[in-house]
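Here the structure is laid out as structure tokens; the discussion comes afterwards.
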Amino acid sequence: MCGIVGYIGFRDAYPILINGLKRLEYRGYDSAGVALISDNDEHLNIYKEKGKVAVLENSLADKDLSGTIGMAHTRWATHGEPSSINAHPHLSQSGRLAIVHNGIIENYASLKKYLAGKGFTFKSCTDTEVLVQLIEYMQQTYNLCVAQATRYALRKVVGAYAIVVMDKEHPDELVAARKSSPLVVGIGEDNKEFLIASDALPIAGYTHNMVYLNDEEVVLLRRNQPMSVKNLKNEDVNIDVKQVDIDIDKLEKGGYDHYMLKEIFEQPKAISDCMRGRLLQKKHQIVLSAINLHREQLINAKRFIIIACGTSWHAGLIGKQYIENYCDVPVAVEYASEFRYRNPVIMPDDVVIAISQSGETADTLAAFQLAKAHHALCFGIVNAVGSSVARESDTGIYTHVGPEIGVASTKAFTGQVMVLALFSLALAKAKGTIGQKDYEEIIDELSIIPEKIKVVLQQNDRIKEIAKTYTYARNFLYMGRGYNYPVAMEGALKLKEISYIHAEGYPAAEMKHGPIALVDAEMPVVFVATHHQLYTKIISNIEEVKARNGRVLAVVTQGDTSVRKLAEHIIEVPPTIAPLAPLLSVIPLQLLAYHVAVEKGLNVDQPRNLAKSVTVE
Ligand code: F6R
């Protein structure tokens, strides 16, 4: 939530900042702004616009944007409506300091009152403006440099922040700090330039050398000088430079109309990447170093607790079935936001698995830290390499599906399910809770899943036509059972978040305990009815909807005849074994949501009110 980019070096900062904002726009897009210190007159120029980054860019077309130091921000509103006044950067009272911020200052009201008592006034409704005034207050009161004033101010702050601060009296310095919100520094050759950003995407292309700041660290960046990092107590902190390689091509749309469609179509490759080097089909082996390194703890775990949010939570529900079925150990799947606040029982012989695409979801991170404090083994299933959840993990597995830019998660979900399948199978093998025949059968089937996903994707045009007949709907129901029940929930989530149609996913048998009251001739009901366990039972559920004139769309196994007779539309997926059905049956639901939203003329990659990386709780 909210994207930050900063630059200090020898190049024109503006193109780097504006292109960086475009790469970060998935984090928020209700307003955007940029601050530059002009090389000509050392003036601090701030430009802000309500709306997307493109609006800001267009408004700056005829401006002099020179300057080799600057910072920029794309916002997801927390305090104060989206407007150019509330957009970042914010200026201090004297106009000397400027700040961009991602996060929430929880005690901003009391700080604001304190500063108002000292004569400070405020133009915006944001917590961020309070912070920049506080830094200025520290600077003026104690005659401090901006880095030290920032440290003083942050000691008074309760909440989450990633900030970059510029001081127009010091156009050779950029100061940044983080707590609970991510910030990455890119180091140019010979320290000639530095980039700073909410994630590595805006930095990739300039340098591979990156430093992920830790909580309560403040970094001072100066041209041609090594970066210096101190904690809030003013102590020097060791700098851990990581090599981060990101394929820039993967950050473009690659000929697709939207990132979401590209990412849906990337799934065969993404899933293969996820299995590469881990699933050795010919040897019938799964090799996961995360398991080898913590073998005893994992084998002896009395319970697994999966914590996640949104789509990742849905993947967790499938993971629960894998781990319980193959490893014979109980699994709880928890919403991270609830888990962290309800004093959960966590034992030292529990294994807590955090699932997160971004690795920055505030609730997941906090729940994970809670598990760590209780000495549980913390196991991360993360896509974004080097992210906060990955760094908090004792061990874990990257999904390796590549950057996901579309706000609606697609390939990250199938990657998470794949990792959970690999993990549960490898652990079951280590525990001796799976027979060799079953083990080999699943490995063989996993290895051909990417080809089967390709077959599902071939139906894109047909799904597009089907989608046109459902754009009128105000409500949708999604039903599934067994492994397909979380898929139904995921299908409903995809539809609601990008098409703004209200949709609910249910275990199909629950229908008669309430949701069936909603069924009438207007109500589309999507059944995920592949040919597996409970197939005959789900047919009865379909009959129940038909009896009430509901419109039935069903995802079925190729060659299905029974559901075909009942459903108005069917979408076929290739046959597979029940546990792997979600990897195929979710694809038509992703495409359906996508096409309904496109038909409705909506912005699928940046749906209203949402952000890709939810770094506030
Ligand atoms: C839905 C979606 C969200 C995320 C959720 C968790 O399409 O993207 O529901 O799944 O915000 O995000 P991560 O996985 O980054 O922790």
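All residue numbers in this chain count up from 1 along the given sequence. Keep in mind the model is a prediction, meaning the values are calculated, not measured. As a basis for the values below, the full set of heavy atoms in this structure was taken, side chains included, without hydrogen atoms, waters or symmetry mates. First listed ligand is number 1; within each ligand, the first listed atom is number 1.
- Remark: ligand 1 atoms within the under-4.0 Å shell around heavy atoms of Val407 are 7 (O), 8 (O).
- The shortest side-chain heavy-atom distance between Thr361 and Leu365 does not fall under the 4.5 Å cut-off.
- Between Tyr326 and Tyr322, the ring-plane angle classifies as parallel under the 30° and 60° cut-offs.
- Under 3.5 Å, the side chains of Asn484 and His532 contain no donor-acceptor pair of N or O atoms.
- In this structure, Arg608 is positioned above the aromatic face of Tyr500, its NZ or CZ under 6.0 Å from the six-membered ring centre and within 45° of the axis.
- Looking from atom 5 (C) of ligand 1 to the surrounding protein, the closest heavy atom is Cys309 O, 3.7 Å.
- With no hydrogens or angles considered, a side-chain donor-acceptor pair links Thr311 and Glu490 at under 3.5 Å.
- Scanning all protein heavy atoms for the shortest distance to atom 12 (O) of ligand 1 gives Thr361 OG1, 3.4 Å.
- Using a 4.0 Å cut-off to heavy atoms of Ala408, the atoms of ligand 1 that qualify are 7 (O).
- In terms of protein heavy-atom proximity, atom 10 (O) of ligand 1 is nearest to Thr311 N, 3.1 Å.
- Close approach to Ser356 involves these atoms of ligand 1, each under 4.0 Å from a residue heavy atom: 13 (P), 14 (O), 15 (O), 16 (O).
- Not one N or O of Gly310 is nearer than 3.5 Å to an N or O of ligand 1, by distance alone.
- Remark: ligand 1 atoms within the under-4.0 Å shell around heavy atoms of Gln357 are 13 (P), 14 (O), 15 (O), 16 (O).
- Annotation for ligand 1: atoms under 4.0 Å from non-hydrogen atoms of Ser312 are 10 (O), 13 (P), 14 (O).
- Here the side chain of Gln590 pairs no donor or acceptor atom with the backbone of Lys494 at under 3.5 angstrom.
- Relative orientation of the Trp313 and Tyr335 rings is parallel, given thresholds of 30° and 60° on the angle between their planes.
- Listed by number with element, the atoms of ligand 1 under 4.0 Å from a non-hydrogen atom of Lys494 are 1 (C), 7 (O).
- Within the 4.0 Å heavy-atom criterion, the part of Glu497 lying near ligand 1 is the side chain and not the backbone.
- For atom 11 (O) of ligand 1, the closest non-hydrogen atom of the protein is Val614 CG2, 3.8 Å.
- Glu404 and Ser409 share a side-chain donor-acceptor pair at under 3.5 Å.
- Counted within 6.0 Å of CD on Glu106, heavy atoms from surrounding residues, nucleotides or ligands total more than 12; the atom is thus considered enclosed.
- Checking only distances, Thr364 never comes within under 3.5 Å of ligand 1, N or O to N or O.
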